[in-house]
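Every number for a ligand or one of its atoms is a count from 1 in the order of the listing. Values reported hereafter were calculated over all heavy atoms of this structure, with side chains retained and with hydrogens, waters and symmetry mates removed. Here the structure is a predicted model, which means the values were calculated and not measured.
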Amino acid sequence: MIGIALPKGRLGEKVYSMLAGAGYGCDAYESGSRKLIFSDEQGGVKYFWVKPADVAVYVERGAADVGVAGKDVLEENNPDVYELADLGMGRCRMCVAAKSDWRDDTSRTLRVATKFVNVAKRYYAKLGRDIEIIKLNGSIELAPILGMSDVIVDIVETGTTLKENDLKVFAEIFQISARLIVNKASYKFKNAQISGLTQKLISEVKK
Ligand code: PRP
């Protein structure tokens, strides 16, 4: 059996369709169901729906053999797993954004609002810039609008949220997409099954 952790939500549903297309479908699968586990004994797969930010935790601890996590989460949490493939979906960008009329004053400590504390710290450490992190859990865009932060480090997908709040991108930190990750022990002991799944998924990505 291969245990696969999928991110709950639209991305997870898309990833499941891709896996089903690759021959790893599950008769018990029901779209939109609240069930957290569904398995297919014959096909040798078991799926778990988890919060997107938690996929790598399940995989790192071996509760799941493989999983699909965004590059944003991997960069932030740096889990001890192998990254096997870029699935080419869930594309977006990690960016620095601020109010359109914002001008940087390098003589002052920069106040950075973000969910991605480690990403932001690493980015500004490289630039040699002093920052103060304001950790938020969502609606990050509000912080500069209310004058609580100078900039935000956040995900930009379509750019609509920034535009509707009169903010704009000042720098791109890295590009994001969904990645197939694997537990290190599973990679060793279930290598044939996991390599097979990876190859078939890569063929689906290329379609
Ligand atoms: C994410 C991100 C931005 C938005 C970007 O938020 O934090 O706010 O999506 O998407 P866009 O460029 O297409 O507008 P999410 O919807 O995950 O909610 P959050 O505010 O709770 O983080």
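- We find that E41 and K46 are not joined by a salt bridge, their nearest charged nitrogen and carboxylate oxygen being 4.0 Å or further apart.
- Here D80 pairs with K184 in a salt bridge; the nearest charged N to carboxylate O distance falls below 4.0 Å.
- Distances from atom 15 (P) of ligand 1 to the protein include no heavy-atom value under 4.0 Å.
- Close contacts of ligand 1 with G138, meaning ligand atoms under 4.0 Å from a residue heavy atom, involve 19 (P), 20 (O), 21 (O), 22 (O).
- Around atom 8 (O) of ligand 1, the closest heavy atom drawn from E141, E157, R93 belongs to E141.
- Checking side-chain atoms of D40 against main-chain N and O of V45 turns up no donor-acceptor pair under 3.5 Å.
- A distance-only check finds a donor-acceptor pair linking the side chain of E76 to the backbone of V117 [under 3.5 Å].
- Put simply, atom 2 (C) of ligand 1 has protein non-hydrogen atoms near it, under 4.0 Å away.
- Within the 4.5 Å cutoff, the side chain of V153 has heavy atoms near those of the I173 side chain.
- Closest to atom 4 (C) of ligand 1 among all protein heavy atoms lies T161 OG1, 3.7 Å.
- Counting the atoms of ligand 1 from 1 in the order shown, those under 4.0 Å from a heavy atom of V156 are 12 (O).
- For atom 22 (O) of ligand 1, the nearest protein heavy atom is under 4.0 Å away.
- For I140, the closest heavy-atom approach to ligand 1 does not fall below 4.0 Å.
- Between S177 and R179, the side chains place a donor N or O and an acceptor N or O closer than 3.5 Å (distance only, hydrogens not considered).
- Using a 4.0 Å cut-off between heavy atoms, T158 contacts ligand 1 through both its backbone and its side chain.
- Listed by number with element, the atoms of ligand 1 under 4.0 angstrom from any heavy atom of K115 are 22 (O).
- Residue L74 is not grouped with residue I176 when hydrophobic side chains (ILVMFWY) are merged at heavy-atom distances under 4.5 angstrom, including chains of intermediate members.
- A donor atom on one side chain and an acceptor atom on the other are found under 3.5 Å apart for D105 and S107.
- Taking the six-membered ring for Trp and the full ring otherwise, Y29 and Y47 have centroids separated by 6.0 Å or more.
- Of the candidates I155, T160, D154, I155 brings a heavy atom nearest to atom 5 (C) of ligand 1.
- Atoms of ligand 1 found under 4.0 Å from any heavy atom of G159, numbered from 1 in the order shown, are 11 (P), 12 (O), 13 (O).
- Atom 20 (O) of ligand 1 has its closest protein heavy atom at S139 N, 2.8 Å.
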